[in-house]
Asker: 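Quick one: the structure is below, questions incoming.
Just so it is clear: chains get the letters A, B, ... in the order the sequence lines come, proteins before strands, and each one is counted from 1. As a basis for the values below, the full set of heavy atoms in this structure was taken, side chains included, without hydrogen atoms, waters or symmetry mates.
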Amino acid sequence: MAEVRVRFPPSPTGYLHIGGARTAIYNWLFARKHNGKFILRIEDTDTERSTQESIDGILNGLKWLGIFWDEGPYFQSEFANEHIETADKLLASGHAYKCFCTKEELESKREAAAAAKGDYRYDRTCRNLTSEQVAAKEEQGLPYVVRFKVADSDGTVGFTDKVLGRIERAYDDIEDFVIVRSNGKPLYLLCNVVDDIRDRITHVIRGQDGVTNTPRQILIYEALGAEVPEFAHMPLTLDLNKAKISKRKHGEIVAVHFYQENGFLPWALCNFLVLLGWSTSDDREIFSREELIETFSLGRINKSNSVFNYRKGDPKFITDPKALNINAHYLRTMPIEELGPLVKEELIKAGLWEDSYDDEKKGWFLATLDLIRSRFHTLKDFVKGGLPYFSDDYPLDPKSVKKNIKKNPGLKEWLPLLAHRFEEISDFSKQETERVTRELAEELEIKPGILINGMRTIVTGLPAGPGLFDVLIAVGRDRVIERMKKAGDLELF
RNA sequence: GGCCCCAUCGUCUAGUGGCCUAGGACUCCGGCCUCUCACGCCGGCAACAGGGGUUCGAGUCCCCUUGGGGUCACCA
């Protein structure tokens with residue numbers, strides 16, 4: 001069996017969005033699974049809208065996701081001559097013809113058809129022009145487009161889609177479509193096929209918005225005598241209003257870089273995206289890279305579109321809750337050594353990083369991450385939630401102050417007193433600190449919770465966190481004592 | 001509108017004629033754990049779009065209706 005070759009052909013007219021990323025991931029997965037090649041091709045023939053910035057964005061987005069290509073990036077614009085030559089070939093072989101109808105003529109015919117509530121298809125005015133007529137028109141310098149000659153019969157063109165099944169389209173429903181503009185530039189439909197043939201693409205995996213292009217493209221393959229690849233049209237991703245997600249309508253939230261900038265783990269995003277339209281027969285949802293490559297198959301791609309569940313302005317969820325959940329899952333279960341460097345980046349950005357965390361304090365650093373990570377959803381949470389561990393400058397949560405400090409004015413004396421006792425114990429351990437704390441509570445005839453919650457508020461400033469005595473150890477004896485002693489001076493009571 | 005595709009909890013989905021009293025995940029709500037919040041564990045709310053067939057039997061097959069999506073350019 002021939003080598004599997006798939007491609008991802010974005011047009012560089014904007015950033016990489018999650019729909020495109022998902023298409024890339026499916027292609028990549030399929031290539032990896034079959035030991036094939038994943039080819040990146042930038043379809044930049046629309047020079048008006050293509051930008052270098054966009055190209056960079058797409059490349060960076062794919063790299064960040066960990067979706068690496070085996071060949072390319074190729075640039076469609078570099079093969080313009082080949083596209084033109086192919087069109088000439090089609091012309092020469094009688095599979096295409098020159099059409100001199102003007103845009104205006106076509107437009108009025110279209111309007112007339114619309115007015116009569118009929119459907120419009122090119123009426124083939126120029127299809128039967130004699131070679132003399134054509135020559136005469138060219139002589140006059142009349143501009144023309146090149147149209148593909150669709151078979152004039154009752155037959156159908158069909159293909160068996162790997163996800164949708166058999167799809168047939170009557171020749172009669174396909175008009176003689178344009179393959180070269182009047183300015184001599186070939187159109188997407190042609191270029192795409194020519195490129196896929198040159199790149200020896202065996203499987204075209206793309207969105208369902210490409211379905212109606214397929215029969216026409218197959219016609220081109222056949223006219224060129226090329227082998228028709230397999231097709232797999234994956235479902236589209238819609239928003240809650242069932243509208244196709246788009247940069248224009250949804251903005252950053254559908255951009256891959258949004259996730260990069262908001263503390264997502266690349267693989268968590270991939271994992272989430274794959275689940276939008278694909279599943280296994282068991283209940284698995286979390287897959288490592290290797291597991292997914294092993295498990296993935298086109299046959300289990302869904303036929304129906306999926307909805308990207310995000311509500312604009314939702315204060316609790318910056319994006320689809322499931323995406324967040326998967327990210328959180330990886331955050332709290334991934335090997336802590338792998339998490340370290342990722343959090344490091346965030347701390348650097350926030351100005352909280354110290355080189356010792358990579359050196360003599362590395363053990364402490366990783367242990368601290370492990371301690372606090374179970375309640376975080378994104379890497380960003382390590383900045384706020386890690387503040388009392390990585391800095392001595394942290395705000396006191398007002399609600400916690402009210403609830404855990406002000407309600408118990410005695411803490412003004414108790415906390416410094418407890419700090420003093422912490423100074424005296426030889427072993428500043430979880431067990432000892434807890435023992436001493438409970439002992440004091442007993443002496444004072446108060447509930448231990450009062451001391452514990454008071455300490456939490458003063459030592460971390462946060463309303464919640466890991467078990468307090470773990471926190472104490474993580475923050476460290478000196479800093480804990482200092483913070484608690486200061487409690488008496490703070491204007492909190 | 002023509003042509004094409006699709007249709008199970010709010011969302012992602014399992015389900016290929018009897019294992020379905022429809023399963024899982026996320027969200028939400030209870031409970032356990034507990035010094036708080038998470039995690040974890042236990043439990044709950046919540047769906048086969050509607051109507052006809054076929055069949056001993058239909059979420060599963062067929063038809064119609066409805067709904068949704070795609071596409072109808074000298075964009076890609």
Asker: Given atom CG of A/Asp314 and atom P of B/U11, what is their separation to the nearest angstrom?
Answerer: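 Computing the A/Asp314:CG to B/U11:P distance gives 16 Å.
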
Asker: Quick one: list whatever passes side chain to side chain contact (heavy atoms under 4.5 Å, CB included) with A/Asp209, sequence neighbours left out.
Answerer: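 In terms of side chain to side chain contact (heavy atoms under 4.5 Å, CB included), with neighbours along the sequence ignored, A/Asp209 is linked to A/Leu236, A/Lys244.
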
Asker: Using whole Å, what does the distance between atom P of nucleotide B/C12 and atom CD1 of A/Ile245 come to?
Answerer: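 Rounded to whole Å, this separation is 12 Å.
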
Asker: Passes ring-ring contact (aromatic ring centres under 6.0 Å, His included), A/Tyr26 versus A/Phe296? Steps please.
Answerer: CA-CA 8 Å; A/Tyr26 280 23; A/Phe296 186 78; 5.3 Å; yes

Asker: Going through the checks in order, is the ring-ring contact (aromatic ring centres under 6.0 Å, His included) test met by A/Trp278 and A/Phe287?
Answerer: CA-CA 13 Å; A/Trp278 176 87; A/Phe287 299 89; 5.7 Å; yes

Asker: Check the orientation of A/Phe231 and A/His233. Use parallel for under 30°, tilted for 30 to 60°, and perpendicular for over 60°.
Answerer: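 Rings of A/Phe231 and A/His233: parallel, as their planes differ by under 30°.
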
Asker: Counting side-chain heavy atoms from CB outward, which of B/G69, B/C12, B/U13 is closest to A/Asn305?
Answerer: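 Comparing B/G69, B/C12, B/U13 against the side chain of A/Asn305, the answer is B/G69.
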
Asker: According to side-chain hydrogen bond (donor to acceptor under 3.5 Å, both in side chains), who are the partners of A/Arg375, at least two apart in sequence or on a separate chain?
Answerer: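 Counting only residues at least two positions away or on another chain, A/Arg375 forms no side-chain hydrogen bond (donor to acceptor under 3.5 Å, both in side chains).
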
Asker: Enumerate the residues from residues 269-276 of chain A whose closest heavy atom to RNA chain B is under 4.0 Å, giving them by residue number; use none for an empty result.
Answerer: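 Correct list: A/Leu275, A/Leu276.
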
Asker: Once you apply a heavy-atom cut-off of 4.0 Å, does A/Asn213 come out as touching a base, just sugar-phosphate, or nothing?
Answerer: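 Here A/Asn213 touches the bases of the nucleic acid.
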
Asker: Looking at residues at least two apart in the chain, or sitting in another chain, which of them share a side-chain hydrogen bond (donor to acceptor under 3.5 Å, both in side chains) with A/Glu443?
Answerer: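 With neighbours one apart ignored, the set is A/Arg421.
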
Asker: Using atom CZ of A/Arg49 as one end and atom C1' of B/A73 as the other, report the distance to the nearest whole Å.
Answerer: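 Whole-Å distance recorded here is 12 Å.
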
Asker: Just compare B/C5, B/G68, B/G70 and give me whichever is closest to any side-chain atom of A/Lys242.
Answerer: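 Selected nucleotide: B/G68.
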
Asker: What orientation do A/His95 and A/Phe148 show, parallel under 30°, tilted 30 to 60°, or perpendicular over 60°?
Answerer: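 Parallel, since the angle between the ring planes stays under 30°.
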
Asker: Would you tabulate the pairs of protein nitrogen or oxygen atoms and nucleotide nitrogen or oxygen atoms of nucleotides 1-3 of chain B closer than 3.5 angstrom?
Answerer:
{"residue": "B/G2", "atom": "O2'", "partner": "A/Asp119", "partner atom": "OD2", "Å": "3.4"}

Asker: Between A/Ile174 and A/Val157, is there a side-chain heavy-atom distance shorter than 4.5 Å?
Answerer: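 Yes, at least one pair of side-chain atoms sits under 4.5 Å.
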
Asker: Can you check the A/His83 NE2 to B/C74 C1' distance for me, whole Å?
Answerer: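 Going from A/His83 (NE2) to B/C74 (C1'), I get 17 Å.
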
Asker: Applying a 4.0 Å non-hydrogen cut-off, can you work out what A/Lys103 is touching in the nucleic acid: base, sugar-phosphate, or nothing?
Answerer: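 A/Lys103: base contact, heavy atoms under 4.0 Å.
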
Asker: Between atom CE in A/Met234 and atom P in B/U13, what is the gap in whole Å?
Answerer: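 The answer, rounded to whole Å, is 11 Å.
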
Asker: Between B/C75, B/A14, B/C6, which nucleotide has the shortest distance from any of its atoms to the side chain of A/Ser281?
Answerer: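 My answer, after comparing the listed nucleotides, is B/A14.
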
Asker: List in chain and number order the residues that pass side-chain hydrogen bond (donor to acceptor under 3.5 Å, both in side chains) with A/Thr86, two or more places apart in sequence or in another chain; answer none if no residue qualifies.
Answerer: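 For A/Thr86, no residue satisfies side-chain hydrogen bond (donor to acceptor under 3.5 Å, both in side chains) once neighbours in sequence are set aside.
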
Asker: A/Thr45 near the nucleic acid: base, sugar-phosphate alone, or nothing, with a heavy-atom cut-off under 4.0 Å?
Answerer: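 Sugar-phosphate contact only.
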
Asker: Rounded to the Å, how far apart are A/Asn302 CG and B/U11 P?
Answerer: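 Going from CG in A/Asn302 over to P in B/U11 covers 14 Å.
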
Asker: Please report, to 0.1 Å, the donor-acceptor pairs under 3.5 Å made by any side chain of residues 51-59 of chain A, with sequence neighbours excluded.
Answerer:
{"residue": "A/Thr51", "atom": "OG1", "partner": "A/Ser54", "partner atom": "N", "Å": "3.0"}
{"residue": "A/Gln52", "atom": "NE2", "partner": "A/Asp56", "partner atom": "OD1", "Å": "3.1"}
{"residue": "A/Ser54", "atom": "OG", "partner": "A/Pro12", "partner atom": "O", "Å": "3.2"}
{"residue": "A/Ser54", "atom": "OG", "partner": "A/Thr13", "partner atom": "N", "Å": "3.3"}
{"residue": "A/Ser54", "atom": "OG", "partner": "A/Gly14", "partner atom": "N", "Å": "3.0"}
{"residue": "A/Ser54", "atom": "OG", "partner": "A/Gly14", "partner atom": "O", "Å": "2.6"}

Asker: Taking for each residue the nucleotide of RNA chain B bearing the nearest heavy atom, is the 5' side occupied by A/Ile167 or by A/Pro235?
Answerer: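 By nearest-heavy-atom nucleotide position, the 5'-most residue is A/Ile167.
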
Asker: Check each residue of residues 140-152 of chain A for a non-hydrogen atom within less than 4.0 Å of any atom in RNA chain B, then write out the ones that pass by number, or none.
Answerer: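 Within this stretch, A/Val145 sit under 4.0 Å of the strand.
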
Asker: With A/Ala87, which residues qualify under side chain to side chain contact (heavy atoms under 4.5 Å, CB included), at least two apart?
Answerer: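 By the side chain to side chain contact (heavy atoms under 4.5 Å, CB included) rule, A/Ala87 matches A/Val180, A/Leu190.
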
Asker: What is the separation between atom NE2 on A/His233 and atom P on B/G69, rounded to the nearest whole Å?
Answerer: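 So the two atoms are 20 Å apart, to the nearest Å.
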
Asker: Write down the protein N/O and nucleotide N/O pairs, taken from nucleotides 62-66 of chain B, whose separation is under 3.5 Å; answer none if there are no such pairs.
Answerer:
none

Asker: To the nearest angstrom, how far is A/Leu371 atom CG from B/C37 atom C1'?
Answerer: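 For the pair A/Leu371 CG and B/C37 C1', the rounded distance is 12 Å.
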
Asker: Looking across every strand, which nucleic acid part, if any, lies under 4.0 Å from A/Lys185 by heavy atom: base, sugar-phosphate, or nothing?
Answerer: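 Here A/Lys185 touches no strand at all.
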
Asker: So if I define the base as every atom that isn't primed, P, OP1 or OP2, how would nucleotides 18-35 of chain B read as a B/S/- string at a heavy-atom cutoff under 4.0 Å?
Answerer: ------BBSSS------B

Asker: Between the protein and nucleotides 38-44 of chain B, are there any N/O to N/O pairs under 3.5 Å, and if so, what are the atom names and distances?
Answerer:
{"residue": "B/A38", "atom": "O2'", "partner": "A/Ser374", "partner atom": "O", "Å": "2.7"}
{"residue": "B/A38", "atom": "O2'", "partner": "A/Arg375", "partner atom": "N", "Å": "3.4"}
{"residue": "B/A38", "atom": "N3", "partner": "A/Ser374", "partner atom": "OG", "Å": "2.9"}
{"residue": "B/C39", "atom": "O3'", "partner": "A/Arg332", "partner atom": "NE", "Å": "3.4"}
{"residue": "B/G40", "atom": "OP1", "partner": "A/Arg332", "partner atom": "NH2", "Å": "3.4"}

Asker: Please confirm whether the ring centroid of A/Phe428 lies under 6.0 Å from the ring centroid of A/Phe422.
Answerer: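 Between A/Phe422 and A/Phe428, which both carry aromatic rings, the centre distance is below 6.0 Å.
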
Asker: Could you check A/Val307 against A/Asn183 and say which one's nearest nucleotide on RNA chain B is further toward the 5' end?
Answerer: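 Nearest nucleotide further toward 5': that of A/Val307.
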
